[in-house]
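What follows is a short report on a single structure.
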Amino acid sequence: MDKTEILKNIESLSKLNTDAMVGNDFLLTWDKSEDEIAATLQTAEILRALRRINTSSRVFETGLAISIFRDQSTRTRFSFTSACNLLGLAIQELDEEKSQVAHGETIRETANMISFLTEVIGIRDDIYIGEGHSYMREVARAVSQGHQEGVLPRRPTLVNLQCDIDHPTQTMSDALHLTHYFGGVGNLKGKKIAMSWAYSPSYGKPLSVPQGIIGLMTRFGMDVVLAHPEGYDLMPEVLEIAQQNSKQFGGTFSQVTSMADAFKDADVVYPKSWAPFSVMEERTRLLQEGDRKGLEALEKRCLEINKTHIDWECTEKLMKTTRQGQALYMHCLPADISGVSCESGEVEASVFERYRVPQYNQAGYKPFIIAAMIFLSKFEKPAEKLSELADQAQPRIY
Amino acid sequence: MDKTEILKNIESLSKLNTDAMVGNDFLLTWDKSEDEIAATLQTAEILRALRRINTSSRVFETGLAISIFRDQSTRTRFSFTSACNLLGLAIQELDEEKSQVAHGETIRETANMISFLTEVIGIRDDIYIGEGHSYMREVARAVSQGHQEGVLPRRPTLVNLQCDIDHPTQTMSDALHLTHYFGGVGNLKGKKIAMSWAYSPSYGKPLSVPQGIIGLMTRFGMDVVLAHPEGYDLMPEVLEIAQQNSKQFGGTFSQVTSMADAFKDADVVYPKSWAPFSVMEERTRLLQEGDRKGLEALEKRCLEINKTHIDWECTEKLMKTTRQGQALYMHCLPADISGVSCESGEVEASVFERYRVPQYNQAGYKPFIIAAMIFLSKFEKPAEKLSELADQAQPRIY
Amino acid sequence: MDKTEILKNIESLSKLNTDAMVGNDFLLTWDKSEDEIAATLQTAEILRALRRINTSSRVFETGLAISIFRDQSTRTRFSFTSACNLLGLAIQELDEEKSQVAHGETIRETANMISFLTEVIGIRDDIYIGEGHSYMREVARAVSQGHQEGVLPRRPTLVNLQCDIDHPTQTMSDALHLTHYFGGVGNLKGKKIAMSWAYSPSYGKPLSVPQGIIGLMTRFGMDVVLAHPEGYDLMPEVLEIAQQNSKQFGGTFSQVTSMADAFKDADVVYPKSWAPFSVMEERTRLLQEGDRKGLEALEKRCLEINKTHIDWECTEKLMKTTRQGQALYMHCLPADISGVSCESGEVEASVFERYRVPQYNQAGYKPFIIAAMIFLSKFEKPAEKLSELADQAQPRIY
């Protein structure tokens, strides 16, 4: 994208209504209006294009961004840091072990204490079903209250870096990837995407990616097919959302019980392991009770059940059954690649390798998606502000 | 505060003598002159006001700030990061476990090795009695020597983020809070503040807050009353300082043995748990000897003694006995709140909740207090520099 | 150095060919041409001088620098952070335990995932013989491929912060120190430097410093003498390089088996402990096999052999045998100082103390050496860019 195209994109962004994003969080994609989803994708594109022509999009002279990782993270951690740095914010991680949070301090108090000069809080909390999203809502309420009470001069924006329900920075990056792949968000309409469970030798992977995918892709009028073995259900409320979206946006949402059915004539396939919702609930209970024996028994039982579905693998053979044998393979990474990172896994090595570069590109959108989420929560007239940045053309590297 | 008021404050700051702060540390409030204390409060106010009108107070284009936390920290950690970021410095934590400090490297050497491009070193070291302050002095001597010897192009400023003796970033924030509350530092004169021990189910809390409070508040001509059960003494040298201050600054300093006596007609109450000085000494010895059995025995014994003072709780009933039943409740946070964070604690839930917002505001001054300490150690003419910042009016958010 | 001298240095830098450094890594000094080595030293000098006259050398408005420490580090960690901050980059550490690297993710994938907005990757990986350098090469290949494939908009520069073979940020700082000491890099020719093994009560220290020293100092036409007890060999391929260099650059390289022989008439002495190459190989194998018993046995055996060489100590008596009894003592720090950090160690306390300030200065060059390595990998015309910085004279502290 050269500068002319950037300005054209800014022009089209200016027509979208993003008023409600200002001062607000990005927790679930289905909380966002169509304009807001479109504006996030477009802003990400513009920020990415500005950086490619060495134009700084630093909008903060100083300011803090806080990350709270309650689970391991590589790409999301670096994406968040990159996004904040791109806008001029410095990262401070809240390491709950080094803090006094363990001391019995309330979430409300901690949320305020870390936010006096803070612009953004990014949270990953995806391990316990029924917990992550609730925790984020509680932090959001706390900083809203703090702001209303005059404790916080500015209300920090929350960005969901993966919870038990949704993984919006991932799925929005996925959507931007699809937009590039199909040459425009309008072209997603009618395309078939297979969100399929796949076998992995590990266990307990979050539901947030498949849930996020069916919750978001149904908004673009895609034909979304969800496939998984019996018992590997997602949260019913998200299925409901996918159903509603498909009606509202003129696509379809259906469920099948084999990968083969899902892959048939698919334009896009997204094979990925996850744990059944009911297991995640049980696991959450056992973790909270500190029942180690119970956890071990559950893991053993689940891995055995898992093994009975070892044939849920994204193979070359299955790929051949997709639209012209050419479906786009997607994964949020890291994938369990058969013969590479495990004996039998989610995907055959040759399929993975063939789509490696597109996948890396898919991941590369994430810093800009996060930056867009922050940007839109901070500026009432984002198009004007981006226009200023483009005009000033302050080099990122001098 | 609008810009006119900011300029008025800068004008009044310009009359204070802060020469001796340049190139110097902030370790104990009683090492500082009246002008220096006043200038720190005023500079914090000005920096806070500048930020509220979106004026950048970034004075460093690049430069490092180092934090060394030898104990857990949330609010001080984030305050320090926020303060440094506000001025343009980047944080690098010295994690002693990841460093070669354990290798037997001397403090003098480490202090120099981390300081080649460093402007500030913030240290929390509050666990061992007789250690924290000494450690800071040793680091201070090391960087002074390094600077004199030409090893360090600039001498980094040390900021005490809590030691065994004082907690100046906390107590100075408390003082700024009181100044706001009573409408000016001059109005503190004659006000009664009750620094009282309170029961907590935990054990071994540092003495630095009560010591810091009696050492600082006696300088404003306040009537400072210290209350604690028998045996819960503070360090004698700090009592001596409070005594001297009270004479010099026209207030009073007295000690009582019940919370009720202390609270009677108080304008401000600060009920907080701490461990007896003699216990802290014994604990320090046992920790250094690695005597785990001894430590357990000590903890058990102390918790039992503690329990005999379970009635030292800041209750609604006691609050009614304060000046017009309206004393300001203060705490450095996190507090042990009865029925919330523990069964029986320092304060009744309804008292805490009623003063929650003021307390959060109290904590909110800390980033600016720390920034002021750094600022005054760096600029020979701080008022001129602040004036420049106000005039340039570089926006913090573009 | 005042501004006139800085400009003179920039002028002389402009005559050196650094074309091949652009977009390239700094892994081994012997991979670099004479011009490149000279340019690195000179750029470090200029950056250091600019900072001393309070001129900012910030060339990045935003951008990330990543550090990967697979071993403990204090001075290199702070040097790397300082260097990156000096140029305007923000640090994000890759903590492999907190990331999904352990998940079986490939190096290629991780390297790309963390590099979307990354300018520099600094790596310390010095524990396993045959591993560190290979790992760096693999990361380098991964980001090159990622850049070629269009995944990475810019190829991050790798800086070797110590591997199993070389420690270029250390030895280049040492070289800059020697240049200052002897009044110009030209004056190093013919000077005798003794790189000698020394006794330490610890075991398993990397070979990278002695190897780096003989590999680099032979390039300045120095008379390099390597001394160690029987069995404490370095990697044969590095001895070969030292030999070749000595021929090519008109110096000498020889090996002796006593510290006394090495010190005789030396201008510079560098006494330092290391583990024998063959032991490091065995240790690497045992570590990889997780053979704890074997490791303990090896350590015990080695410490016993070590003890038979307890007389390899840099004493005052030995120092008297150097050129006019005045040789410069060097160490990469931290040193094992007899009677200070251990009972018997590498150096007598009085020798160490006498050379303490020069050693600290030696360490103080490291941030600028690292900054120079990064700088030269980023700008096609480094002299022009430095000239711009000098002319703009943007203050570092406003």
Side-chain angles (χ1 to χ4, degrees), chain A residues 56-66 68 84-85 87-106 108-119 121 142-143 145-154 374-375 378-379 384-386 388-389 392 394, chain B residues 47-49 51-60 67 69 71-91 93 95 201-202 205 333-337 340-342 345 352 356-368 371 394-398:
Chain A
S56 171
S57 47
R58 178 169 192 163
V59 285
F60 293 98
E61 179 72 357
T62 63
L64 230 57
I66 293 173
I68 305 177
C84 294
N85 172 264
L87 302 177
L89 299 171
I91 287 281
Q92 172 71 45
E93 191 165 338
L94 175 65
D95 184 335
E96 295 185 338
E97 283 170 32
K98 286 187 188 171
S99 77
Q100 301 204 12
V101 172
H103 260 221
E105 191 176 305
T106 61
R108 183 177 60 182
E109 191 164 308
T110 308
N112 276 280
M113 293 303 115
I114 62 176
S115 296
F116 295 120
L117 281 78
T118 295
E119 297 287 340
I121 303 177
V143 294
Q145 192 186 354
H147 185 234
Q148 279 155 24
E149 293 170 343
V151 168
L152 303 180
R154 288 171 60 81
I374 300 171
F375 197 93
K378 295 298 174 188
F379 297 101
E384 263 184 33
K385 180 55 62 181
L386 288 166
E388 261 176 51
L389 291 174
Q392 283 165 10
Q394 162 82 5
Chain B
L47 291 171
R48 183 166 173 268
R51 195 176 190 277
R52 296 222 165 203
I53 60 168
N54 195 32
T55 292
S56 170
S57 47
R58 178 169 192 163
V59 285
F60 292 98
S67 63
F69 283 97
D71 194 11
Q72 292 179 323
S73 170
T74 311
R75 69 215 78 233
T76 303
R77 184 189 301 272
F78 278 82
S79 292
F80 183 66
T81 301
S82 296
C84 294
N85 173 263
L86 186 76
L87 302 177
L89 299 172
I91 288 281
E93 192 164 337
D95 185 333
S202 82
K205 294 198 173 167
L333 303 179
D336 288 312
I337 309 164
V340 176
S341 48
C342 56
F352 184 87
R356 193 180 49 78
V357 172
Q359 280 175 87
Y360 285 8
N361 283 325
Q362 176 185 350
Y365 294 119
K366 202 182 273 183
F368 300 104
Q394 161 82 3
R396 186 186 69 84
I397 311 173
Y398 304 154

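Everything numeric in this text was worked out from a predicted model, so none of it was measured. Computed over heavy atoms, backbone and side chain alike; hydrogens, waters and symmetry mates excluded. Below, chain A is the first sequence line, B the second, and so on; all start at residue 1.
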Looking only at non-hydrogen atoms, find the nearest pair between A/Val151 and B/Asn361 and report the distance. CA-OD1, 3.5 Å
Counting only heavy atoms closer than 4.5 Å, note whether B/Arg396 contacts chain A via side chain, backbone, both or neither. both
Could you tell me whether A/Glu93 and B/Arg77 make a salt bridge, using a distance below 4.0 angstrom between a side-chain N and a carboxylate O? no
If I measure from the heavy atoms of chain A, does B/Gln359 come under 4.5 Å with its side chain, its backbone, both, or neither? neither
What distance do A/Ile91 atom CD1 and B/Thr81 atom OG1 have between them, rounded to the nearest 0.5 Å? 11.5 Å
So which part of B/Arg48 gets closer than 4.5 Å to some heavy atom of chain A, the side chain, the backbone, both or neither? neither
Which residues pass the ring pair (Phe, Tyr, Trp, His ring centres under 6.0 Å) test with A/Phe375, sequence neighbours left out? A/Phe379
Is chain B contacted by the side chain of A/Arg58, its backbone, both, or neither, given a heavy-atom distance below 4.5 Å? both
Interatomic distance, A/Phe116 atom CZ to B/Leu86 atom CG [nearest 0.5 angstrom]: 14.0 Å
Please check: side-chain N/O of B/Asn85 versus main-chain N/O of A/Gly63, any donor-acceptor pairing under 3.5 Å? yes
Engaged part of B/Ser56 at the chain A interface, taking heavy atoms whose separation is under 4.5 Å: side chain
What are the two closest heavy atoms between B/Arg52 and A/Gly150, and how far apart are they? NH2-O, 4.2 Å
How many angstroms lie between CD in A/Gln92 and OG in B/Ser67, if you round to the nearest 0.5 Å? 7.5 Å
Pairs of heavy atoms under 4.5 Å with chain A: top-ranked of B/Gly88, B/Cys342, B/Gly364: B/Gly364
Determine whether B/Arg75 and A/Ile114 satisfy the following criterion, side chain to side chain contact (heavy atoms under 4.5 Å, CB included), listing intermediate values before the conclusion. CA-CA 6 Å; B/Arg75 69 215 78 233; A/Ile114 62 176; over 6 Å; no
Are any non-hydrogen side-chain atoms of A/Leu94 and B/Thr74 less than 4.5 angstrom apart? yes
Contact origin within A/Ile66 toward chain B - heavy atom pairs under 4.5 Å: side chain
For A/Lys385, which residues count as a side chain to side chain donor-acceptor pair (under 3.5 Å) partner, sequence neighbours excluded? A/Glu388
Report yes if the side chains of A/Lys378 and B/Ile397 come closer than 4.5 Å at any heavy-atom pair, otherwise no. no
Heavy-atom cut-off 4.5 Å, strictly under: side chain, backbone, both or neither for B/Pro395 against chain A? backbone
Does A/Glu149 come within less than 4.0 Å of B/Arg356, counting only side-chain N to carboxylate O? yes
Could you check A/Met113 against B/Tyr360 for side chain to side chain contact (heavy atoms under 4.5 Å, CB included), going step by step and ending with a plain yes or no? CA-CA 7 Å; A/Met113 293 303 115; B/Tyr360 285 8; 3.4 Å; yes
Can you tell which part of B/Phe368 gets under 4.5 Å to a heavy atom of chain A, answering side chain, backbone, both or neither? side chain
